[in-house]
Number of protein chains: 2
Amino acid sequence: MDDQTDQTRKPRADALRNRERVLEAAKAVFNAGGPEASLEAVAKRAGVGIGTLYRHFPTREDLFEAVYRREVEQLSELAEQLKTTKDPVDALRRWLRSGVEFVATKKGMVAALALAVQSGSELHAFSFERLTTAIGSLLHRAVAAGEMRADISPEDLLRAFFGMCYMHDQPGWQSSVLRMLDVFVDGLRVQPTAGAKARVAKPAKPAAKRKR
Amino acid sequence: MDDQTDQTRKPRADALRNRERVLEAAKAVFNAGGPEASLEAVAKRAGVGIGTLYRHFPTREDLFEAVYRREVEQLSELAEQLKTTKDPVDALRRWLRSGVEFVATKKGMVAALALAVQSGSELHAFSFERLTTAIGSLLHRAVAAGEMRADISPEDLLRAFFGMCYMHDQPGWQSSVLRMLDVFVDGLRVQPTAGAKARVAKPAKPAAKRKR
DNA sequence: CGAAGATACGGAGGCACCCTCCGTTTAACA
DNA sequence: TGTTAAACGGAGGGTGCCTCCGTATCTTCG
C-alpha cells in the first residue's frame with residue numbers, strides 16, 4: 001500500500017522511527033504525570049533530543065492531538081454502532097456510559113482535551129466536532145422518535161457530559177457521574193406532566209415534530 | 001516554650017499592609033491572566049519582593065484561598081436565603097442559576113477551584129464542604145417535600161454543576177448551562193408517569209438503590 | 001526617648017522547564 | 001561511493017518557582 005506517486009523523497013527512516021518513539025513516550029508520560037508533564041521528560045524517555053521532539057510536534061497540543069485523536073475516533077465510532085440499537089434513548093444512555101468508562105481508562109484524554117479547549121487548539125476543534133456529531137446523531141434519533149425533548153442541542157449535551165467527567169479525580173467520581181447521567185437522561189425525556197408546568201426554556205430548534 | 005496562642009505580640013503594621021497589597025494584586029492578576037499567572041508578577045504589582053509574597057502565602061493555593069474564600073461564602077449564604085422560598089424545587093433551581101451568574105462574574109473562581117480540586121488543597125476542602133452543605137440543604141428540602149428523588153447526593157449535584165460550569169470559556173456557555181440545568185432539575189423531580197412506563201432501558205445498574 | 005530584640009523585607013541564586021537555533025550527522029538517491 | 005537535503009541533538013537564553021539569609025524596620029520596655 002505504497003502509492004508514493006509523489007516525486008518527493010521517501011521520508012527518512014530515522015524520522016519515522018523517532019516520531020513513533022516520541023508518541024509512545026508521550027503516551028506513557030502523560031498518563032503518568034498528567035498533561036502538564038515535562039516535554040523534556042518525554043524526549044528523554046523517547047531517547048531523542050528535545051529539538052527532535054519539537055520538530056515533530058511544534059506545540060504541546062500537536063503532541064496531544066497525535067496521541068489522543070485515535071481515542072476520540074473510537075468514541076465516535078461507538079456512537080455509529082449504537083445507532084442500530086432499537087431504543088434510541090437506550091442508545092444514548094449507553095453511549096454516555098461508555099464515555100464514562102472510556103474516560104476512566106484513558107485518564108489522560110480528558111485533561112488533555114480540557115487543556116485543548118482552553119487553548120482553542122486544533123485538537124479541540126476536531127474532537128468537539130467529532131463528538132458533537134456522534135452525540136447529535138444519537139440525540140436526533142431519540143427526538144425524532146418523540147422520546148426526547150427537542151430544545152437541547154448536541155453541543156449542550158456534550159458540554160454537560162464533558163464537564164461532569166472533568167471531575168474525574170475525586171474519589172467515587174465514576175459512580176457519581178453515572179448517577180448524574182441517569183438523572184440527565186430522565187430530564188431529557190419528553191415529560192407529559194412536566195409540560196403542563198411552566199417550562200422556562202424556549203425551544204431553540206424549530207424542527208422535530210413531537211408525536212404522542 | 002512560651003505559649004504563642006494567647007499572649008502574642010501585635011502583628012507588625014507593615015506586615016498587614018503588605019498582605020493586603022498582595023491580595024489585591026493577586027485578585028487583579030488572576031482575573032486578568034488566569035490562575036496560572038506568574039506569582040512574581042503578583043509580587044511586582046503589589047510592590048513587594050517575591051520573598052514577602054511567599055512568606056504570607058506559602059503556596060499558590062493559599063493565595064487562592066485568601067482571594068476566593070469570601071466568594072464561596074457568598075454563594076453559600078445565598079442558599080441560606082433561598083431556604084425561605086416556598087417551592088423547594090424552585091429554590092434549588094434558582095440557586096443553580098445564581099451559581100451560573102456568579103461564575104460568569106468571577107471568572108477566576110472556577111478555574112482556581114478546578115486547580116484546587118486537582119491539588120487537593122485546603123481551598124478545595126473548604127469550598128467543597130461549604131457548597132455541599134449549601135446545596136444539600138436545598139436538596140434535602142425538596143426530597144422531604146416529596147418533590148425530588150432521594151437517591152442523589154449533594155456531592156453528586158455539586159460535581160455536576162461544577163463540571164458544567166467548567167466549560168465556561170466557550171462561546172454561549174452560559175445559556176447552554178442554563179438549559180442543561182433545567183434538564184437536570186427536571187430529571188431530579190419525582191416522576192410518577194415516567195417511572196411507570198419508561199425505564200425500558202435495561203437496568204444494568206450494579207449499585208444503585210433506585211427508589212421509584 | 002533610645003536601645004534591644006523580634007519580625008518582616010527583598011532579591012539573589014539554584015533549579016526546572018520552555019523553546020529556538022544551528023553546527024553536525026545520516027539516510028536516500030544517483 | 002559521493003552528494004545533498006533532511007533530520008538530529010543539545011547548548012543557550014528566557015521565564016517562573018521557591019528558598020535562604022543578610023538587612024531593614026517595627027514594637028516593646030527601660
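Keep in mind it's a predicted model, so treat the numbers as computed, not measured. So you know, we letter chains A, B, ... as the sequences are listed, proteins then strands, and number each from 1.
- Rounded to an integer number of Å, the gap from CZ of B:R17 to P of D:dT25 is 11 Å.
- One atom, CG of A:L53, and another, C1' of D:dC8, lie 12 Å apart when rounded to the nearest Å.
- Using a 30° and 60° split on the angle between ring planes, A:H168 and A:Y166 fall in the perpendicular class, above 60°.
- Here B:F57 pairs with B:R19, B:V22, B:L23, B:D62, B:L63, B:A66 under the side chain to side chain contact (heavy atoms under 4.5 Å, CB included) rule; sequence neighbours left out.
- Atom CG of B:L16 and atom P of C:dC9 are 10 Å apart (whole Å).
- Between the CD atom of A:E61 and the P atom of C:dC18 there is a distance of 12 Å, rounded to whole Å.
- The CZ-P distance, from A:R60 to C:dC19, rounds to 7 Å in whole Å.
- Residues B:R189 and A:D186 are not paired through a salt bridge, judged by the lack of any N-O separation under 4.0 Å between the basic side chain and the carboxylate.
- Geometrically, B:K106 engages B:F102 in a cation-pi contact, judged by NZ or CZ lying under 6.0 Å from the ring centre and within 45° of the ring axis.
- For the OP1/OP2 pair of D:dA7 and a distance below 4.0 Å, the side-chain nitrogens and oxygens of A:H56 include no atom meeting the criterion.
- Checking the phosphate oxygens (OP1, OP2) of D:dA7, no side-chain nitrogen or oxygen of A:N18 falls inside 4.0 Å.
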Using atom names, set out every protein N or O paired with an N or O of nucleotides 27-30 of chain D below 3.5 Å, distance rounded to 0.1 Å.
residue, atom, partner, partner atom, Å
D:dT27, OP1, B:A13, N, 3.4

Might you work through the side-chain hydrogen bond (donor to acceptor under 3.5 Å, both in side chains) test for A:T52 and A:N18, ending with a clear yes or no?
CA-CA 8 Å; A:T52 297; A:N18 280 335; 5.2 Å; no
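- Aromatic ring centres of B:F64 and B:F30: separated by under 6.0 Å.
- The line from CZ of A:R12 to CZ of A:R17 is 9.5 Å long, rounded to the nearest 0.5 Å.
- When each of B:T132, B:V89, B:L157 is tested with B:L139 by the rule side-chain contact (heavy atoms from CB on, under 4.5 Å), just one qualifies, namely B:L157.
- Counting any heavy atom pair closer than 4.0 Å across all strands shown, A:T52 reaches a base atom.
- Using a 4.0 Å heavy-atom cutoff across all strands shown, A:R55 reaches at least one base atom of the nucleic acid.
- Sequence order on DNA chain D of the closest nucleotides to A:R19 and B:A41 puts A:R19 first from the 5' end.
- In this structure, A:D182 pairs ionically with A:R93, as a charged nitrogen and a carboxylate oxygen lie closer than 4.0 Å.
- Residue A:D62 contributes atom CG, which lies 14 Å from atom C1' of C:dC19 at whole-angstrom precision.
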Nucleotide N/O to protein N/O under 3.5 Å, stretch nucleotides 11-13 of chain D:
none

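- Put simply, A:S38 has no side-chain N or O that comes within less than 4.0 Å of OP1 or OP2 on C:dA16.
- Between the C1' atom of C:dT20 and the CG atom of A:L39 lies a distance of 14 Å, rounded to the nearest Å.
- Going from atom CG of A:L63 over to atom C1' of C:dC19 covers 14 Å, rounded to whole Å.
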